[in-house]
Amino acid sequence: MPLNYSKWDRLELSDDSDIEGHPNVDKKSLIRWKQRDIHEKREMRKMRIAQLKADIACNEVLKPRLQQITQEVEAQGAPHFSSLVERFKTNPSPEKPPTNAPEQKTYDEMLLALLLQVWEEAKKKGVEKDDPQLSEALVAGLKEHLVKFDEHQEKLRKDLAHEEEEQHKKITMEDLHEGFDSHYVPPKPAPPPVKGAIHDDKPKQKVTEIEVLNPKGVQSAPFNQASTSAAASSSSKPAEDDDELPELTPSLEQFSRLPLKGYEESWEFIKAHRDVYVPGASDALLVAAFRAQSNGDAKWAMQCVHQSLLLQYCEKLGKDGPSLFFRKMMSGDPRATSVFEKDVADTYAHLVERVRISKAEEAAAEQIQLVPENPNQSITFNVPDGPPPENLQLEGPGFEDVDVEDVRKALQMRWDVFESFEEPLQKALKSQSLEEVNKVLGSMSIERAEEVVKMLDMAGILSFSESGIRDATGKDAEADDEGDAGDEGDDAEESKDVD
């Protein structure tokens, strides 16, 4: 196979034999002049390329403007041409090409020079200002310049291509670049598990069992005081609180929003976000599904269940579980897809049932009940027999300054409140049974039960009373309390002695 050395043609090499000069001029000076000539030609070529690119870019801006001027003059005539010339002279736009050239002309100045040139060419052809053929002459001159414009632009592009080709014929320092670099890149650390994740590698609690010769005797033997106190303290210790529920991370929330059966999207998302496939991620998705279903967002709940089971299947398949699972699902294997989709449907149905049961338990637990504050207090109900009579009379001491109409309004209000209640509540109030009233309140919603209790208290139907006789001064009550406290202390001492 012949060797191809064409890749070395771009190298610019020279030796002493390539340099021929006058014998009175030293060779080192000739070499330096040769090098300087090469670098100067390169710089001039760079400047020439930059100038050509700037001219082409400027012409690309001017050409559509010149085409628009030609169309407007052809449609509106010579007066529009004069107005454009006047505007370019008096109020030109400051927009100009982005170059560092001193005294760079703006685009409007360039167009003004071109329009004046068209006008001068029309005058040379014998067309005066008031000539009816002036508009046609101006339009013809503009179109002629458009043709020259295209020809000049094409010439600039050819010159640019030629200069760039000459520039790339030889390899220079600017063409050098780093081909490859080999160094050690440490792998990224594994993402942390989801907050609140349940770890399977928790240390197991060690239980020490003491083997004895006579276990029945040990069981029947009385415990000493130390063991009794230790057992009491251990039994009185509250159980440790459950671990926090795993929460969704931002990446997991985005993962849960992916469409159902979108295995390709899920696979690409897992490859791009390593923090999705971590311990606790599937549990966090199930918790989010439960909350979403509780809030009525069934679509998101289904998506969370789908993505949670997707991660669980990947974990169960071992080290290469994700690639194996998604390869089967994306290939459309009917056995794999049917099993997975059935598992998703069953899990979601179980979740819906658990949410329903949870809501029912919460509804049963949240009830408004009337309960006395202490055993000596009783709750009664002052149920009115009917509306106040027409001839209402107030008798007895203390009613001299009471207005009969105020009393009538209060009794009428009590009756109206009682009549506004449902029939089961009216029957329970008439029975004077606290248990029946609580039963009716328990069947109501929390808001309705709170409203009913408030109305009972406002109308004076709800009454709290204490049994026994209370001294107005409070002395006897304090004495009774001290006596009760003393009795309780004696009882406590007595119970302690018995123990």
Side-chain angles (χ1 to χ4, degrees), residues 37-175 177:
D37 180 63
I38 292 173
H39 289 293
E40 287 178 355
K41 288 181 179 178
R42 288 177 184 172
E43 291 299 323
M44 290 182 65
R45 185 176 291 113
K46 288 181 184 177
M47 294 174 61
R48 173 67 175 162
I49 291 174
Q51 182 64 38
L52 290 172
K53 289 182 177 179
D55 292 344
I56 292 173
C58 180
N59 292 339
E60 288 178 352
V61 175
L62 290 175
K63 181 179 178 180
R65 298 188 182 188
L66 186 59
Q67 289 176 340
Q68 183 179 2
I69 291 173
T70 304
Q71 294 173 0
E72 292 176 354
V73 172
E74 188 175 7
Q76 302 178 22
H80 183 69
F81 184 90
S82 301
S83 64
L84 288 175
V85 172
E86 186 66 23
R87 181 168 66 84
F88 290 154
K89 286 182 178 179
T90 58
N91 190 20
S93 172
E95 187 180 3
K96 59 184 179 180
T99 62
N100 296 325
E103 299 181 0
Q104 173 65 50
K105 291 184 178 181
T106 63
Y107 293 120
D108 285 357
E109 290 176 348
M110 298 178 190
L111 291 173
L112 176 62
L114 182 60
L115 294 180
L116 292 177
Q117 185 179 354
V118 171
W119 168 247
E120 292 296 332
E121 291 175 354
K123 288 173 63 177
K124 289 180 180 179
K125 293 179 181 179
V127 180
E128 298 296 334
K129 186 175 182 181
D130 298 331
D131 196 325
Q133 296 181 353
L134 177 61
S135 299
E136 297 178 2
L138 294 175
V139 171
L142 290 171
K143 289 183 177 179
E144 183 180 353
H145 277 279
L146 278 175
V147 174
K148 293 180 180 180
F149 205 92
D150 292 337
E151 294 175 353
H152 180 64
Q153 189 79 339
E154 185 65 24
K155 181 179 179 300
L156 291 177
R157 289 196 176 95
K158 289 181 179 179
D159 292 343
L160 177 62
H162 174 71
E163 293 294 339
E164 288 180 343
E165 183 181 358
E166 290 293 328
Q167 185 184 31
H168 293 98
K169 278 185 176 181
K170 302 295 181 181
I171 297 177
T172 62
M173 294 296 295
E174 296 178 355
D175 298 326
H177 61 277

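Positions are given from 1 along the sequence.
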Review point. Under 4.5 Å between any side-chain heavy atoms of Leu146 and Leu142, yes or no?
Key: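 The answer is no, as the side chains (C-beta and beyond) never meet within the 4.5 Å cut-off.
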Check your understanding: Below 4.5 Å, heavy atoms only, C-beta onward: do Val139 and Phe81 meet side chain to side chain?
Key -> no
Practice item. Please identify each residue that fulfils salt bridge (Lys or Arg N to Asp or Glu O under 4.0 Å) with Glu166, with sequence neighbours left out. Key: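 Residues passing salt bridge (Lys or Arg N to Asp or Glu O under 4.0 Å) with Glu166: Lys169.
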Point to revise | Residue list, salt bridge (Lys or Arg N to Asp or Glu O under 4.0 Å) with Arg45, at least two apart or on another chain | key: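 Testing Arg45 for salt bridge (Lys or Arg N to Asp or Glu O under 4.0 Å), a comparison that skips the adjacent residues, returns Glu163.
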Review point. Do any pairs count as a salt bridge (Lys or Arg N to Asp or Glu O under 4.0 Å) and have a residue in residues 95-107, sequence neighbours left out, and if so which ones?
Key: Arg65-Glu95
Review point. According to the salt bridge (Lys or Arg N to Asp or Glu O under 4.0 Å) rule, which pairs have a member within residues 140-152, sequence neighbours left out?
Key: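 Residue pairs with at least one partner in residues 140-152: Lys63-Asp150, Glu74-Lys143, Glu144-Lys148.
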Is the backbone N or O of [Y] less than 3.5 Å from a side-chain atom of [X], with the two atoms forming a donor-acceptor pair by type?
X: Glu109; Y: Thr106; answer: yes
X: Gln153; Y: Ile56; answer: yes
X: Asp108; Y: Ser93; answer: yes

Review point. Is Glu60 paired with Arg157 through a side-chain N to carboxylate O contact shorter than 4.0 Å?
Key: yes
Exercise for review: Kindly write out the residues that satisfy side chain to side chain contact (heavy atoms under 4.5 Å, CB included) with Glu120, not counting sequence neighbours, or none if the list is empty.
Suggested key: Lys123
Check your understanding: How would you list all residue pairs meeting side chain to side chain donor-acceptor pair (under 3.5 Å) that involve residues 81-91, not counting sequence neighbours?
Key ->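 Residue pairs passing side chain to side chain donor-acceptor pair (under 3.5 Å), neighbours aside: none found.
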Review point. About how many Å separate CG of Leu138 and CD of Glu121, when rounded to the nearest 0.5 Å?
Key: 10.5 Å
Point to revise | Spacing of CD belonging to Gln68 relative to CG belonging to Leu111, to within rounding of 0.5 Å | key: 10.5 Å
